[in-house]
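Given the structure is predicted, the values throughout are model-derived calculations rather than measurements.
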Amino acid sequence: MPFSVSATVLPAIIVVVLVKGGYVRIGSALVCTLFGFTLAATGLAPVINSGLAALAGLVSSF
């Protein structure tokens, strides 16, 4: 469970920084967030989760 929390918080921080910096407008950020929720409800979600877990394992091995 700690992985899922950190995998959620890090992109959220990145989005906030991009919106505050003016690189991404709030509308675009909301559309991307809604797309993420929609993607999580599809059959592709387990593949994405296992890919993120593999990436986290790779990063933690350094």
(request) Answer yes if Ile14 and Tyr23 sit in the same cluster of Ile, Leu, Val, Met, Phe, Trp and Tyr residues linked by side chain heavy atoms under 4.5 Å apart, and no otherwise. (result)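 Ile14 and Tyr23: one cluster.
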(message) With clusters defined by side-chain heavy atoms of hydrophobic residues (ILVMFWY) lying less than 4.5 Å apart, directly or transitively, does Val31 cluster with Val24?
(response)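 No, it is not one cluster - the side chains of Val24 and Val31 are not joined through contacts under 4.5 Å.
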(request) State, to 0.1 Å, how close Val47 and Ser50 come at their nearest heavy-atom pair, and which atoms those are. (result)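 For Val47 and Ser50, the tightest heavy-atom pair comes out as O-OG, 3.0 Å.
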Could you give the side-chain donor-acceptor pairs of residues 55-62 under 3.5 Å, partners two or more places apart or in another chain?
residue: Ser60; atom: OG; partner: Ala56; partner atom: O; Å: 3.1
residue: Ser60; atom: OG; partner: Gly57; partner atom: O; Å: 3.0
residue: Ser61; atom: OG; partner: Leu58; partner atom: O; Å: 2.6

Donor-acceptor list for residues 34-42 side chains, cut-off 3.5 Å, not counting sequence neighbours:
residue: Thr38; atom: OG1; partner: Leu34; partner atom: O; Å: 2.9
residue: Thr42; atom: OG1; partner: Leu39; partner atom: O; Å: 2.7
residue: Thr42; atom: OG1; partner: Leu44; partner atom: N; Å: 3.3

